[in-house]
A.B. asks: 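Here you go, one structure.
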Amino acid sequence: MPKWNDLQEQSFLESDARARAVGLVDEGTYTELAGPFDRFYSPHLEVLGEAVEFDDGIVTAVGKIGKTPVFVISQEGRFIGGSVGEVGGAKMVNTIRLAIEFHDKLVADYPNISDEEKPVVVISFETGGVRLHESNAGLLAHAEVMDQLQKARHKVPVITLIGSKVGCFGGMGFVAAATDAIVMSEFGRLGLTGPEVIEQEMGKEEFDSSDRALVFRTTGGRHKYIMGDCNVLVQNMIGAFRDAVAKLAVLPVSEFEKMRRIGSPEAVERQLRAVALAAEMQPQDARDVWAKAGNPDPVALTDIPLDEFLADVKRLSV
């Protein structure tokens with residue numbers, strides 16, 4: 001494991017789940033929960049004769065950023081594509097539950113506690129969604145995570161981070177959309193159905209998953225930022241993601257309601273207007289929407305440096 005200072009400059013895209021988890025909190029504050037020595041692994045994989053990991057491909061931990069307690073969930077895409085089964089789902093659920101219980105105890109013991117001293121949950125997604133080996137147990141895990149997100153709402157902000165190789169797809173795409181804020185790098189990808197699955201089901205003419213430029217301008221961080229599906233776009237470094245979390249963590253929980261994509265009548269109205277716009281436009285490419293948002297040269301947005309992109313880009317307003 002590199003030193004903490006080196007982790008800050010390390011590529012988020014190239015980092016494994018544990019390096020991301022360690023680097024996201026302040027140096028010396030990281031404590032892993034249900035780590036590999038506890039040997040919580042999937043009994044279903046063992047029965048099927050499949051390889052197991054002693055952390056089931058998900059790292060859970062607690063640390064601090066400044067005065068803020070941070071409960072970290074970090075998925076490992078190199079183990080069965082970051083898929084979520086019974087044990088991994090239980091680790092996610094219980095980490096969020098611990099954060100809620102800690103919040104409630106803090107508020108009860110210290111009624112005048114400041115916003116920056118209240119806990120947040122950070123989820124570093126790297127997943128294709130449900131672990132098919134575990135069928136209904138994996139689906140149930142998704143539902144239980146969503147249930148905890150609802151219990152955390154208005155109390156403990158849940159912040160999504162997406163910038164790893166697998167991206168965030170499948171059922172976990174739904175879960176990410178239900179969190180309070182989304183931070184991405186331009187290498188992050190977010191969606192419900194992955195590019196390979198679309199091509200498999202609908203054909204190459206519908207979506208060519210080997211066309212990496214097409215994939216990134218449809219599911220990548222720059223597109224999601226323009227569309228409003230991503231709240232904050234950062235450089236591809238663990239330290240950049242950590243800085244974004246630090247800025248969000250000090251906000252009053254009421255501010256996170258303005259960042260949400262679902263969960264209120266206003267958000268539903270906004271989504272309906274976006275659907276109506278899509279029906280009217282019939283866009284053939286993401287760049288058509290970028291132009292509609294007011295960007296005079298949408299082609300150039302793909303390749304300009306990120307700082308220039310953030311300074312110049314117009315985001316879609318509906």
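The analysis underlying the following values was restricted to heavy atoms, covering all of them including side chains, and did not include hydrogens, waters or symmetry mates. Predicted model only: the values in this text are computed from it and were never measured.
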A.B. asks: Could you list the cluster mates of Phe79? Members are the ILVMFWY residues connected by side-chain heavy atoms closer than 4.5 Å, either directly or through other members.
C.D. replies: Tyr41, Leu45, Val52, Phe54, Ile80

A.B. asks: Give the C-alpha distance, both sets of side-chain angles, the deciding distance and a yes or no for side-chain contact (heavy atoms from CB on, under 4.5 Å) between Asp229 and Ile182.
C.D. replies: CA-CA 7 Å; Asp229 296 328; Ile182 296 181; 5.8 Å; no

A.B. asks: Measure from NZ or CZ of Arg189 to the centre of the six-membered ring of Phe169, then state whether that distance is under 6.0 Å and the direction lies within 45° of the axis.
C.D. replies: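 No.
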
A.B. asks: Under 3.5 Å, which donor-acceptor pairs do the side chains of residues 153-165 form with other protein atoms, sequence neighbours left out?
C.D. replies:
{"unit_1": "Arg153", "atom_1": "NE", "unit_2": "Glu257", "atom_2": "OE2", "d": "3.1"}
{"unit_1": "Arg153", "atom_1": "NH1", "unit_2": "Gly263", "atom_2": "O", "d": "3.1"}
{"unit_1": "Arg153", "atom_1": "NH2", "unit_2": "Glu257", "atom_2": "OE1", "d": "2.7"}
{"unit_1": "Arg153", "atom_1": "NH2", "unit_2": "Gly263", "atom_2": "O", "d": "2.9"}
{"unit_1": "Lys155", "atom_1": "NZ", "unit_2": "Asp104", "atom_2": "OD1", "d": "3.1"}
{"unit_1": "Lys155", "atom_1": "NZ", "unit_2": "Asp104", "atom_2": "OD2", "d": "3.2"}
{"unit_1": "Thr160", "atom_1": "OG1", "unit_2": "Thr179", "atom_2": "OG1", "d": "2.8"}
{"unit_1": "Ser164", "atom_1": "OG", "unit_2": "Arg20", "atom_2": "NE", "d": "3.3"}
{"unit_1": "Lys165", "atom_1": "NZ", "unit_2": "Glu14", "atom_2": "OE1", "d": "3.4"}

A.B. asks: Show your working on side-chain contact (heavy atoms from CB on, under 4.5 Å) between Val72 and Val59 and close with a plain yes or no.
C.D. replies: CA-CA 8 Å; Val72 181; Val59 175; over 6 Å; no

A.B. asks: State plainly whether one hydrophobic cluster holds both Val313 and Ile304, where clusters connect Ile, Leu, Val, Met, Phe, Trp and Tyr through side-chain heavy atoms under 4.5 angstrom apart.
C.D. replies: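 Looking at the clustering, Ile304 is in the same group as Val313.
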
A.B. asks: With a 4.0 Å cut-off on N to O distance, would you call Asp288 and Lys292 a salt bridge?
C.D. replies: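 The answer is no: the pair does not qualify as a salt bridge.
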
A.B. asks: Verify the distance criterion only: is there a donor paired with an acceptor across the side chains of Asn231 and Arg261 at less than 3.5 Å?
C.D. replies: yes

A.B. asks: Heavy-atom count around Lys247 NZ within 6.0 Å, excluding the residue itself: above 12?
C.D. replies: no

A.B. asks: Is the backbone of Arg287 close enough, under 3.5 Å, to the side chain of Asp285 for a donor and an acceptor to pair up by distance?
C.D. replies: yes

A.B. asks: Grouping I, L, V, M, F, W and Y whenever their side-chain heavy atoms are under 4.5 Å apart, do Trp290 and Leu310 come out in a common cluster?
C.D. replies: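 Looking at the clustering, Leu310 is in the same group as Trp290.
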
A.B. asks: Hey, is the main chain of Ala291 close enough, under 3.5 Å, to the side chain of Asn295 for a donor-acceptor pair?
C.D. replies: no

A.B. asks: Does Ala137 offer a backbone N or O that forms a donor-acceptor pair with the side chain of Glu86 under 3.5 Å?
C.D. replies: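 No: the side chain of Glu86 does not pair with the backbone of Ala137.
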
A.B. asks: Are there more than 12 heavy atoms of other residues, nucleotides or ligands under 6.0 Å from atom CE of Met202?
C.D. replies: no

A.B. asks: Under 4.0 Å between a Lys/Arg side-chain N and an Asp/Glu carboxylate O for Arg97 and Glu101?
C.D. replies: yes

A.B. asks: Sequence neighbours left out, what passes side-chain hydrogen bond (donor to acceptor under 3.5 Å, both in side chains) with Ser42? Give chain and number order.
C.D. replies: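 By the side-chain hydrogen bond (donor to acceptor under 3.5 Å, both in side chains) rule, Ser42 matches Glu134.
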
A.B. asks: Can you see whether Glu116 engages Thr68 through a side-chain donor-acceptor pair at a distance of less than 3.5 angstrom?
C.D. replies: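 Distance-only check fails for Glu116 and Thr68.
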
A.B. asks: So do the side chains of Leu248 and Val120 get within less than 4.5 Å of each other, counting heavy atoms only?
C.D. replies: no

A.B. asks: Please report the C-alpha distance between Met92 and Ile73 in whole Å, then the side-chain angles of each, then the deciding distance to 0.1 Å, and finally whether the side-chain contact (heavy atoms from CB on, under 4.5 Å) criterion is met.
C.D. replies: CA-CA 6 Å; Met92 296 181 77; Ile73 299 166; 3.7 Å; yes

A.B. asks: Taking Val25 as the starting point, is it possible to reach Val62 by hopping between hydrophobic residues whose side chains are less than 4.5 Å apart?
C.D. replies: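 No, Val62 does not connect to Val25 through the hydrophobic network.
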
A.B. asks: Taking the basic N atoms (NZ, or NE/NH1/NH2) and the acidic carboxylate oxygens, is any pair closer than 4.0 Å for Lys67 and Glu117?
C.D. replies: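 No salt bridge links Lys67 with Glu117.
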
A.B. asks: Is Arg222 close enough and on-axis enough to Phe309, meaning under 6.0 Å and within 45°, for cation-pi?
C.D. replies: yes

A.B. asks: Identify the heavy atoms of Tyr30 and Ala61 that sit nearest to each other, and give their distance.
C.D. replies: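 In this case the closest contact between Tyr30 and Ala61 is CE1-CB, 3.3 Å.
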
A.B. asks: Below 4.0 angstrom, N of the basic side chain to O of the carboxylate: do Asp55 and Arg39 qualify?
C.D. replies: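 Salt bridge: no.
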
A.B. asks: What are the two closest heavy atoms between Ser83 and Arg131, and how far apart are they?
C.D. replies: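 Residues Ser83 and Arg131, closest heavy atoms: OG-NE, 3.0 Å.
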
A.B. asks: Run the salt-bridge test on Asp109 and Lys105 with the 4.0 Å N-O cut-off and return the result as yes or no.
C.D. replies: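 Yes, this pair counts.
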
A.B. asks: In plain terms, say whether Lys3 and Glu27 are close enough for a salt bridge, that is, a side-chain N and a carboxylate O under 4.0 Å apart.
C.D. replies: no

A.B. asks: Taking Asp26 first and then Lys64, would you say they form a salt bridge - that is, a charged N and a carboxylate O separated by under 4.0 Å?
C.D. replies: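 Result for this pair is no, no salt bridge flagged.
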
A.B. asks: Look only at the side chain of Arg260 and the backbone of Ile262, and say whether a donor-acceptor pair between them is shorter than 3.5 Å.
C.D. replies: yes

A.B. asks: Does Phe241 form a side-chain contact (heavy atoms from CB on, under 4.5 Å) with Ser124? I'd like the steps, not just the answer.
C.D. replies: CA-CA 10 Å; Phe241 277 89; Ser124 174; over 6 Å; no

A.B. asks: If Ile, Leu, Val, Met, Phe, Trp and Tyr residues are connected whenever their side-chain heavy atoms lie under 4.5 Å apart, and connections chain through other members, are Ile58 and Leu98 in the same group?
C.D. replies: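 Yes, same cluster.
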
A.B. asks: Quick one: do Ile65 and Val234 end up in the same hydrophobic cluster if we chain Ile, Leu, Val, Met, Phe, Trp and Tyr together by side-chain heavy atoms under 4.5 Å apart?
C.D. replies: yes

